[in-house]
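What follows is a set of notes on a single structure, which appears directly below.
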Amino acid sequence: MKRLLLCTCFFTLIFSCSTSDDVQENNLELNFYGLTVGNSYTYKFYKYNSDTEDYDETLIVQNVIIEDTEEVSGQQYFKIKTTTSGVDGFNLFYLQNGEEIDYLREVDGTLINDNNDVLFVNNEFSEHLVNSDNTSLNLYRKTIEEPVIINSNTGSFNCIEMQNYIVTEDGTTLDGVSKIHYSEGVGLVQQTCVYASSSTPVMIKKLNSYNIQN
């Protein structure tokens with residue numbers, strides 16, 4: 001089996017294809033995900049060092065700002081600009097230097113983008129099939145009911161964790177589990193990137209600083 005890289009990126013799930021759920025309702029008043037115009041975040045990326053068994057800070061930095069709201073296909077979304085710098089060649093999150101605009105909204109605890117891709121679910125704890133490659137590998141997601149504490153340079157956060165993992169055709173769950181952590185009212189705090197065959201994250205994206213509008 002080739003080495004599959006399983007990453008949950010802020011706006012894209014890296015696994016040959018994305019997931020899509022049919023979500024129709026909209027409510028901009030919900031704010032578990034910190035979706036407020038003017039909120040800004042800085043993230044740093046850390047790469048696993050097999051010699052030290054620790055994580056080395058890379059030069060990759062992402063600055064995220066919620067710029068505005070905008071109507072897309074009849075629904076109101078938050079317009080989010082992400083500026084990435086420090087990328088020098090291949091990286092495990094498939095990042096590129098420059099700016100990217102994305103559109104997000106929260107619907108009954110689910111974070112979705114303007115393609116109706118489900119990025120996070122904070123209140124439904126059963127296992128869901130995300131996608132299958134129609135051969136021997138199936139990608140699943142599951143939100144963990146018990147909150148976890150995630151430490152970062154800007155403090156400790158009480159977070160909800162969503163996991164993504166692969167189950168083979170014979171029902172074997174592979175060791176690699178990609179995790180993404182959101183803190184209520186703050187937003188994304190941490191996410192990990194793993195190889196499907198290994199339980200050790202090979203790269204971590206972690207909140208370094210943020211500014212929340214009151």
Side-chain angles (χ1 to χ4, degrees), residues 7-14 21 23 25-46 55 57-58 60-70 75-86 93 95 99-114 117-125 141-164 177-194 201 203-214:
C7 294
T8 307
C9 296
F10 191 22
F11 305 115
T12 307
L13 187 63
I14 304 299
D21 283 3
V23 181
E25 298 179 9
N26 183 35
N27 186 349
L28 290 182
E29 294 181 358
L30 298 174
N31 202 27
F32 176 90
Y33 298 99
L35 295 176
T36 300
V37 174
N39 282 4
S40 60
Y41 308 84
T42 298
Y43 297 92
K44 288 188 175 182
F45 289 75
Y46 301 82
Y55 289 87
E57 183 178 331
T58 72
I60 302 174
V61 175
Q62 278 191 331
N63 293 301
V64 178
I65 184 168
I66 304 177
E67 290 193 321
D68 205 348
T69 59
E70 189 169 317
Q75 299 284 1
Q76 289 293 316
Y77 288 81
F78 288 91
K79 179 182 178 182
I80 299 173
K81 181 175 74 174
T82 300
T83 304
T84 304
S85 62
F93 275 89
L95 300 170
E99 294 183 358
E100 180 179 350
I101 299 296
D102 294 273
Y103 297 90
L104 303 181
R105 65 189 177 106
E106 178 180 355
V107 182
D108 296 333
T110 299
L111 181 67
I112 64 173
N113 63 17
D114 54 329
D117 297 326
V118 173
L119 307 181
F120 197 92
V121 180
N122 67 36
N123 57 5
E124 210 288 315
F125 306 107
R141 73 163 183 260
K142 184 177 182 180
T143 300
I144 305 306
E145 191 166 359
E146 187 70 23
V148 297
I149 301 296
I150 298 296
N151 298 312
S152 77
N153 290 339
T154 192
S156 297
F157 297 88
N158 194 42
C159 294
I160 298 295
E161 175 180 295
M162 193 175 79
Q163 301 179 350
N164 292 272
V177 179
S178 175
K179 300 177 181 179
I180 184 167
H181 298 95
Y182 275 88
S183 180
E184 183 173 4
V186 176
L188 177 68
V189 173
Q190 180 176 284
Q191 58 194 92
T192 65
C193 182
V194 299
M203 203 166 189
I204 298 175
K205 175 180 177 178
K206 188 182 287 283
L207 183 65
N208 188 65
S209 64
Y210 69 102
N211 181 34
I212 299 294
Q213 303 300 305
N214 295 323

On a heavy-atom basis, which atom in [X] and which in [Y] lie closest, and how many Å separate them?
X    : Y    : value
Q76  : R105 : O-CD, 3.6 Å
S178 : V194 : N-CG2, 3.8 Å
I160 : P147 : CD1-CG, 4.4 Å
Q213 : G38  : NE2-O, 3.3 Å

Gap separating the [atom1] atom of [X] from the [atom2] atom of [Y], nearest 0.5 angstrom:
X    : Y    : atom1 : atom2 : value
N113 : L119 : CG    : CG    : 5.0 Å
I144 : H181 : CD1   : NE2   : 9.0 Å
I66  : I80  : CD1   : CD1   : 5.0 Å
Y33  : N39  : OH    : CG    : 15.5 Å
Y210 : S152 : OH    : OG    : 8.0 Å
N122 : T110 : CG    : OG1   : 7.0 Å

Side chains of [X] and [Y], heavy atoms from C-beta outward: is any pair under 4.5 Å?
X    : Y    : result
Q191 : I204 : no
N151 : I149 : yes
F125 : K142 : no
T42  : V61  : yes
V121 : R141 : yes
L207 : F157 : yes
N31  : T36  : yes
I101 : E67  : yes

Next item on the list: Mind running side-chain contact (heavy atoms from CB on, under 4.5 Å) on N164 and V177 for me, showing each step along the way?
Entry: CA-CA 6 Å; N164 292 272; V177 179; over 6 Å; no
I'd like to know if the side chain of [X] reaches the main chain of [Y], judged simply by a donor and an acceptor atom lying under 3.5 Å from each other, with no hydrogens or angles considered.
X    : Y    : result
Y41  : V186 : yes
N208 : T154 : no
E70  : Y103 : no
Y43  : L188 : yes
T82  : V64  : no
T192 : P201 : no

Would you please say whether a donor-acceptor pair under 3.5 Å links the side chains of [X] and [Y]?
X    : Y    : answer
N63  : T83  : no
Q62  : K205 : yes
K206 : Q190 : yes

Checklist line | Parallel, tilted or perpendicular: rings of Y182 and F32 (30°, 60°) | finding: tilted
Check: With a 4.0 Å cut-off, would you call E100 and K81 a salt bridge?
Finding: no
Check: Does the side-chain contact (heavy atoms from CB on, under 4.5 Å) test come out yes or no for T58 and Y46, once each step is laid out?
Finding: CA-CA 5 Å; T58 72; Y46 301 82; 5.7 Å; no
Next item on the list: Verify the ring-centre separation between F45 and Y55: is it less than 6.0 angstrom?
Entry: no
Checklist line | Verdict with reasoning, Y77 to Q75, per side-chain contact (heavy atoms from CB on, under 4.5 Å) | finding: CA-CA 6 Å; Y77 288 81; Q75 299 284 1; 3.6 Å; yes
Note to self: Among residues at least two apart in sequence or on other chains, which ones pass side chain to side chain donor-acceptor pair (under 3.5 Å) with E124?
What the structure shows: S126, H128
Margin query: Quick one, K179 with M162, criterion side-chain contact (heavy atoms from CB on, under 4.5 Å). Give me CA distance, side-chain angles, the key distance, then yes/no.
Written below: CA-CA 6 Å; K179 300 177 181 179; M162 193 175 79; over 6 Å; no
